[in-house]
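First comes the structure, then the notes that go with it.
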Amino acid sequence: MSGHDEATASRTALRVCPLCEATCGLTLTIEGTKVTGARGDRDDVFSHGFICPKGASFAEVDSDPDRLTGPLVRKNGTLQEATWSEAFDLVAARMRPLIEEYGPHSVGVVLGNPNVHTMAGALYPPVLLSLLRTRSLFTASTVDQMPKHVSSGLLFGDPLAIPVPDLDRTDHLLLLGANPLDSNGSLCTAPDFPGKLKALRRRGGTLVVVDPRRTRTAKLADRHVPIRPGTDALLLAALARVLFEEKLTDPGVLAEQVEGLAEVREAVRDFTPEAVAAACDVPADEIRLLARGLAAAPTAAVYGRVGSSTVEFGTLTNWLVDVLNIITGNLDRPGGALFPLSATAPSPRSAGPGKGFALGRWKSRVGGHPEAKGELPLAALAEEIDTPGEGRVRALIAIAANPVLSAPDGLRLDRALSEHLDFMVSVDPYLNETSLHADVVLPPPPPSQSAHFDFAFNAFAVRNQARYSPPAVPLEDGRMDESEIHARLILAVSGMHGADPSAVDDLVIERALTKAVAEPHSPLHGGDPEHLAAALTGRGGPERRLDLMLRLGPYDLVLEDLLANPHGVDLGPLKPRLPQVLKTRSGKAELLPGPIAADLPRLRRALDERPAAGLVLVGRRHLRSNNSWLHNIPSLNGGSNRCTLQVHPDDAARLGLTDGGGARISAEGGELEVPVEVTDAVRAGVVSLPHGWGHDRAGARMAVAAATPGVNVNQLLDGSRLDPLSGTAVLNGFPVNVTPIS
Ligand code: SF4
């Protein structure tokens with residue numbers, strides 16, 4: 001074949017889709033070195049050919065002309081093209097003196113949601129943080145899922161021990177604040193989530209959806225409960241109350257694994273259906289029916305997501321989700337909610353007391369917010385930068401993060417990044433609303449040029465499996481591999497600038513092996529670290545680290561097994577894992593942990609608070625969107641994926657709003673002008689505006705997104721509304737004023 005033929009030859013390659021948490025297997029069509037199409041991989045052991053519009057647009061995402069092709073460095077106030085050496089030299093030259101003068105906490109690290117969708121994003125930031133030793137860590141978790149981590153940490157002693165609904169086998173699914181027909185699921189990795197819900201109904205099961213909007217998922221349900229936003233915790237507490245009162249609790253074998261059952265019974269005593277009905281706007285009789293349905297089902301699972309997490313009582317809601325799974329005997333049994341066991345999870349230790357989970361080991365400097373899982377609230381990032389005083393965040397490392405759009409009060413953060421930082425580096429493929437403030441931008445290559453293994457989402461998958469995709473096409477000239485970017489960044493900020501980037505992987509491997517050979521339960525116990533390191537296979541550091549993690553994992557797998565099975569290795573349905581999964585100090589699931597008990601009076605007070613007559617706001621997802629990521633892709637932007645304010649017809653008539661007209665919406669953080677969409681899909685008293693929009697900042701280079709910028713809903717917030725236990729921003733269920741504009 002001539003060089004020209006090679007450059008234009010057509011072939012296919014497999015790739016796990018990185019565009020949402022479902023991790024579908026894709027078959028990419030490649031012409032020469034360019035991805036030209038994507039379809040579902042029918043032989044994928046997990047997704048069996050499923051694909052959604054986002055996955056189908058992989059080629060467009062991959063070749064977006066607005067992707068940066070090389071590093072940018074700020075010179076004379078403007079970002080200009082530079083060499084990779086110049087970029088890392090500048091990072092080292094500016095970061096090290098700051099760290100030496102002001103200490104490690106003066107460096108903030110912001111990790112965005114796409115981090116967990118790349119192999120490098122999962123492997124390297126933990127190394128960066130362990131070497132940097134900063135307490136100024138902010139991630140997307142505190143605008144999304146931290147309540148689940150905190151609730152799992154308190155209940156099970158491990159913030160990453162998150163049970164997922166056994167979608168393929170359950171008889172009854174109670175789903176709150178989740179719209180998997182549009183989101184494809186979250187903290188529950190399930191390709192073709194919609195198909196699994198349809199299959200549940202086909203086999204005679206029951207789907208109940210609690211959501212203030214009649215979403216596509218709600219339309220599929222046997223019962224839709226259009227609850228008042230932010231009151232899910234009250235509803236769930238009432239369900240628990242009914243189960244106790246009517247003697248419908250049946251923890252079964254779990255009774256020996258939990259402590260605090262009697263205390264929980266007492267704790268929910270005040271939350272009768274009658275007491276919560278007015279606040280939730282759900283009739284007491286309906287609440288009793290929901291509880292009885294949950295108890296009567298042969299197997300059932302309660303599952304809550306973003307709409308029930310990013311609320312005032314987010315942690316209490318997530319705690320109650322698992323309390324219900326436990327008291328009905330559905331936790332850790334097939335058909336209920338089970339703990340996945342991924343191929344790269346450390347091999348399970350024996351059951352018994354663990355170290356437990358601590359909250360609030362330190363507090364944020366300005367707001368005094370307690371840390372959760374080592375993180376401070378993303379909502380507090382701006383004040384940590386712009387408030388003078390000792391301990392101020394002076395430099396920022398933002399990795400795949402766009403907090404100017406994703407955090408409350410983006411305008412304040414925008415000013416803080418522009419006026420108060422001494423130095424900022426962004427690892428980002430785009431010059432977006434946040435990275436435009438950086439002094440150095442380090443763009444990773446398009447996804448087709450990177451290898452992929454889902455370290456994060458396999459831990460939340462509804463079936464255990466492992467799939468690895470090597471890069472589908474070679475790295476373009478001038479590009480740097482994403483892992484190398486991360487490794488060089490780590491070296492530059494940790495005083496090892498100029499060392500070979502493989503030193504980072506070698507360090508991690510050496511540390512992991514030294515620890516593993518000393519652990520009695522490790523498959524490598526008693527081995528020789530040097531000999532074991534030499535036996536690892538792989539074409540570079542990330543592959544060798546994957547190989548090591550597989551060898552340390554529970555399935556006796558090595559990298560070669562994944563390379564020999566490109567459609568994946570099926571590791572079977574989820575199995576019960578208690579008590580081994582518990583890491584609490586008692587060695588049991590602690591049903592009423594102290595911080596939860598201390599927060600319950602706040603929920604009790606909500607019983608007596610009647611909602612004001614005005615409107616509250618909720619967000620929404622769209623099938624062709626994922627946070628702020630995909631608005632620059634022509635085929636995913638437009639149509640029904642629009643930034644409109646959904647208003648119920650009764651509210652529209654009362655307020656003088658018209659479909660297609662304009663509205664001014666305001667709250668404590670600011671005001672926005674938005675187009676109105678009148679629809680009865682949203683309940684009266686509630687308006688809905690999607691997040692991730694507001695692509696109208698000068699300096700960003702995202703032409704398609706800028707043409708239809710939408711508005712940034714988070715600008716309505718000033719950052720003061722947080723779930724106190726998790727520091728998670730209240731993005732749903734807060735009061736707003738809406739008035740018509742011409
Ligand atoms: S559902 Fe998610 S993982 Fe699957 S194709 Fe769509 S975006 Fe990709």
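In what follows, residues are counted from 1 in the order of the sequence shown. Just so you know, ligand 1 is whichever comes first in the structure, and atom 1 is the first atom listed for that ligand. Owing to the predicted nature of the structure, the values given are computational and were not obtained by experimental measurement.
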TODO: Decide whether a cation-pi geometry holds between Arg545 and Phe455; the criteria are a distance under 6.0 Å from NZ or CZ to the six-membered ring centre and an angle within 45° of the ring axis.
DONE: no

Task: Atoms of ligand 1 close to Lys54 [distance to a heavy atom under 4.0 angstrom, numbered from 1] - done: 7 (S)

Open item on the list: Suppose I only count heavy atoms of Leu19 and a 4.0 Å limit; which atoms of ligand 1 are within that range?
Closed with: 7 (S)

Open item on the list: Strictly below 4.0 Å, N to O, side chains only: are Arg305 and Asp144 in salt-bridge contact?
Closed with: yes

Open item on the list: Taking 2.8 Å as the cut-off, does Cys52 contribute an N, O or S atom near atom 6 (Fe) of ligand 1, distance below it?
Closed with: yes

Open item on the list: Give me the nearest non-hydrogen protein atom to atom 4 (Fe) of ligand 1 as residue plus atom name, then the distance to 0.1 Å.
Closed with: Cys24 SG, 2.3 Å

- [ ] Do me a favour and list the nearest non-hydrogen protein atom to atom 2 (Fe) of ligand 1 with residue, atom name and distance?
- [x] Cys20 SG, 2.2 Å

Task: Arg701 with Asp66: basic N within carboxylate O range, under 4.0 Å - done: no

- [ ] Using a strict cut-off of less than 4.0 Å between a Lys/Arg side-chain nitrogen and an Asp/Glu carboxylate oxygen, indicate whether Glu476 and Arg479 qualify as a salt bridge.
- [x] yes

Open item on the list: Which residue and atom name correspond to the protein heavy atom nearest atom 8 (Fe) of ligand 1, and how close is it?
Closed with: Cys17 SG, 2.3 Å

Task: Ligand-residue contact atoms, ligand 1 with Asn184, heavy atoms, under 4.0 Å - done: 1 (S)

Open item on the list: Tell me whether Arg463 is salt-bridged to Asp168, with the criterion being a basic N under 4.0 Å from an acidic carboxylate O.
Closed with: no

Task: Arg467/Asp454 ion pair, N-O < 4.0 Å - done: no

